[in-house]
Amino acid sequence: MSETTKQSASRLAPLFERLKGENRAALIPYITAGDPDARTTVELMHAMVGGGADAIEIGVPFSDPMADGPVIQAAHERALKSGLGLRGVIDLVAEFRQRDAETPVILMGYQNPIEAMGVSAFVDKAASAGVDGVLTVDLPPEEADELVAAMGERGMDPIFLLAPTTSAGRTREVASKGSGFVYYVSLKGVTGAANLDTDALAAQLEDIRGACALPVGVGFGIRDAETAGQVGQVADAVIVGSAIVRLIHEQATAAGGVNAQVLETVRGFLAELRSALETART
Amino acid sequence: MPETNSKATVGATGAPVDYASFPDQRGRFGDYGGRYVAETLMGPIEELTAAYEKYRNDPGFIEEFESDLRDYVGRPTALYHAKRLSEAYGAEIWLKREDLNHTGAHKINNALGQALLAKRMGKTRIIAETGAGQHGVATATVAARLGIECVVYMGADDIQRQAPNVFRMRLLGAKVVPVDSGTRTLKDALNEAMRDWVTNVDDTFYIIGTVAGPHPYPMMVRDFQSVIGREARAQMLEKTGELPDQVVACVGGGSNAIGIFHAFLADESVELHGSEAGGDGVETGRHAAPLTAGRPGVLHGNRTYLMEDDNGQIIGTHSISAGLDYPGVGPEHSWLKDIGRVQYAAITDDEAMAAFHEVMRCEGIIPAIESAHAVAHARLLAEERGGQRILVNLSGRGDKDINTVAKLEGIEL
Ligand SMILES: Cc1ncc(COP(=O)(O)O)c(C=O)c1O
């Protein structure tokens, strides 16, 4: 632990505070760091902010992404070819921060890379780089005490998942250990699955809000401006993953890499999503 | 499940250990185990835990499980004094004949137990992962018998090297789904089965094939497999009047090993040895021996010893035996290693193959290549100590492996 750096608090709470005033949901895109290569990840992050992302979720490549569907699994495999690990991902966030001090950044990944690095070394390095929150997919609140405590000391937000299978009792436990926001997995399934039922979603969010005061982000199954707009009517944040990962992969494959044209396409897609959120509640 | 003798004994720390009290409520064996899964699975896992807690002591459930073990699986399996092998190795070798079980391995003990539980929970679909195909065959078998739909995930590479078992599963009516991601072996099949489970939690029961996964699996699979050690311990006493000096079992995920070890944990005079897959030799890095050469981490729902790189990425394993080709190990083994109750060693492909032939030539038994690792380990212990009474768990038969053996010898079948 370094004694000198007293970390300023996470950028997430102020973001949700501001958006409440604007009466719109936050747009949070997800990309896997290192896909298609580590060099262009930071450019993609800036392009997404340019298109209207309110925060960015960065996937940490892992050999066994158990909770991910085929699109994001393939992204992890591509990223692993470059040898990018957790330390390297945090370095990319630090690089992003040189040009963007405002946009919250959330790391999303699995527990083993964090264990391998060591919880306190990880939290220290991530906090210093300007990471705001960490979502560890395979770390339910029951197993998260050490990480939650270490992150609390550095003002970072531990972000937990809620699922349709989560009981009200567990929702309260998540609410007490998590901060920033909670991530509602709107479907039973892995990332990239189809079929979102927005009416059912509204009812589910009502139940969650009865047991949890944190903002609720909804992810899984949001693929375009239309679904983003529907979810944005009821959720505090809309998280879009597979659709963006697929778009980047298709464009980059066709262009032989992430070039200016690809960045512009990504920016444009984010702008569409953002404008759907702007009008969702009017 | 009926209790074994689990009287308090003394662990490496000098403190008494009551082995039956593990895991704790959170599924912990010391620092290992637990529940590291995505939120969607927490509800189903709690439901499974509650169902298992309800039925594990239910006389009707126990009676059905035990009568099926007897009449369908063919238990108790024999304890066999391998006299010519004993002579060759210079020790008294006893084989616990799990190869004589219906479907040819210990895997059916657990598949049966979980399938009976699935039925009581009203689940209409069963999924499983498999490496060597033995657990897949066992699961397809019990699913056929209960008339339940069955889907088995299997690494694409394992499908190649265990073709006869793939065909058996299909004949039994199971759907075998090749897994092309990652290293295309057992660990990736497990990932894919978890993904299926997350998607189909309402009607689907996931039968994990070894003592790994999130709590309650390591405990539940151990309980279903511990019949091996209960029988073997009583049979040893009956046939020799004494306990063995050593018990040896191969360790993939560790279910046959836990199954035979458990009844002996409190017997301080009995040494317990687990045989990991040493592949080309631990020093080459091409092996599947996390307890020998790995370090603790989190994979597949539990904290345990793993093979990983500096970034915490799980690394590819190598073993001639598909059933041992796994980068993790059940959390109870990690704990038993740390407290010093069980010793683990890595047995190379070559050592295992030599033992494979020795068992065939001396005893007229085809051992699974997995089980041949335990026999080879017994040989090493015999060379070290001489003259001891060694109980080896012959976890399965090797008919499924003859293609692999033929290929090694350059023979086209
Ligand atoms: C015959 C046999 N023995 C051992 C194993 C390894 O599994 P475990 O360590 O869980 O007993 C397998 C796995 O497929 C097997 O088929």
Side-chain angles (χ1 to χ4, degrees), chain A residues 60-70 73-74 76-77 80 83-89 109-118 122 135-144 160-167 169-171 173-174 182-193 220, chain B residues 25-28 31 33-47 179-183 187-204 213-215 294-304 306-316 327-328:
Chain A
V60 180
F62 183 48
S63 52
D64 296 79
M66 261 178 308
D68 284 296
Q73 275 176 56
H76 280 261
E77 288 196 12
L80 284 171
L84 184 69
L86 180 54
R87 285 183 189 79
V89 174
Y110 293 80
Q111 175 64 3
N112 201 52
I114 295 177
E115 291 240 347
M117 188 171 167
F122 161 69
L135 196 176
T136 313
V137 180
D138 56 349
L139 195 74
E142 288 86 341
E143 307 286 359
F160 289 105
L161 298 167
L162 293 175
T165 50
T166 306
S167 63
R170 288 186 53 76
T171 301
E173 176 158 4
V174 164
V182 290
Y183 185 139
Y184 182 58
V185 177
S186 46
L187 301 164
K188 291 172 193 164
V190 293
T191 53
F220 286 36
Chain B
Q25 285 294 93
R26 296 171 57 221
R28 290 274 169 176
D31 278 346
R35 284 176 168 158
Y36 294 86
V37 294
E39 180 60 32
T40 314
L41 285 181
M42 288 302 286
I45 281 172
E46 283 174 350
E47 179 196 350
V179 177
D180 265 314
S181 56
T183 58
K187 83 170 174 71
D188 309 288
L190 219 149
N191 291 338
E192 208 53 40
M194 287 268 188
R195 291 179 188 118
D196 179 315
W197 197 27
V198 169
T199 310
N200 301 292
V201 286
D202 291 334
D203 66 350
T204 297
H215 179 64
R295 58 177 183 166
V298 170
L299 182 69
H300 293 153
N302 67 94
R303 189 157 189 285
T304 194
L306 298 175
M307 289 179 54
E308 59 176 18
D309 68 13
D310 287 344
N311 282 325
Q313 311 296 358
I314 307 306
I315 52 183

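Chain identifiers are assigned alphabetically (A, B, ...) following the order of the sequence lines, protein sequences preceding nucleic acid strands; residue numbering begins at 1 within each chain. Computed from a predicted model, the values in this text were never measured in an experiment. Any value given below was found using the heavy atoms of this structure, including those in side chains, with hydrogens, waters and symmetry copies removed.
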#### Entry: Non-hydrogen side-chain atoms of A:Leu139 and B:Tyr36 separated by less than 4.5 Å
yes
### Task
Under 4.5 Å, counting heavy-atom pairs only, tell me which of B:Leu299, B:Leu41, B:Asn311, B:Ile315 racks up the most with chain A.
B:Asn311
### Message
Quiz question: by atom type and distance under 3.5 Å, do the side chains of B:Thr183 and B:Asp188 form a donor-acceptor pair?
### Response
yes
### Query
Quick one: what part of B:Pro44 sits under 4.5 Å from any heavy atom of chain A, side chain, backbone, both or neither?
side chain
### Task
Would you check if A:Glu143 and B:Arg35 make a side-chain contact, meaning some heavy-atom pair closer than 4.5 Å?
yes
### Task
Please look at A:Glu77 and chain B and tell me whether the side chain, the backbone, both or neither of the residue comes under 4.5 angstrom of a heavy atom of that chain.
side chain
### Task
Measure B:Leu306 against the heavy atoms of chain A and call it side chain, backbone, both or neither at under 4.5 Å.
side chain
### Query
So do the side chains of B:Arg195 and A:Pro65 get within less than 4.5 Å of each other, counting heavy atoms only?
yes
### Query
Using non-hydrogen atoms only, which part of B:Gln313 is less than 4.5 Å away from chain A: side chain, backbone, both, or neither?
both
### Atom of B:Glu39, atom of A:Thr165 and distance for their closest heavy-atom approach
O-OG1, 4.0 Å
### Task
Can you tell which part of B:Glu192 gets under 4.5 Å to a heavy atom of chain A, answering side chain, backbone, both or neither?
side chain
### Task
Report yes if some heavy atom in the side chain of A:Pro141 is under 4.5 Å from a heavy atom in the side chain of A:Arg170; otherwise report no.
yes
#### Entry: Choice from B:Pro214, B:Ala38, B:Gly43 maximising heavy atom contacts with chain A below 4.5 Å
B:Ala38
### Task
Counting only heavy atoms closer than 4.5 Å, note whether A:Ile114 contacts chain B via side chain, backbone, both or neither.
neither
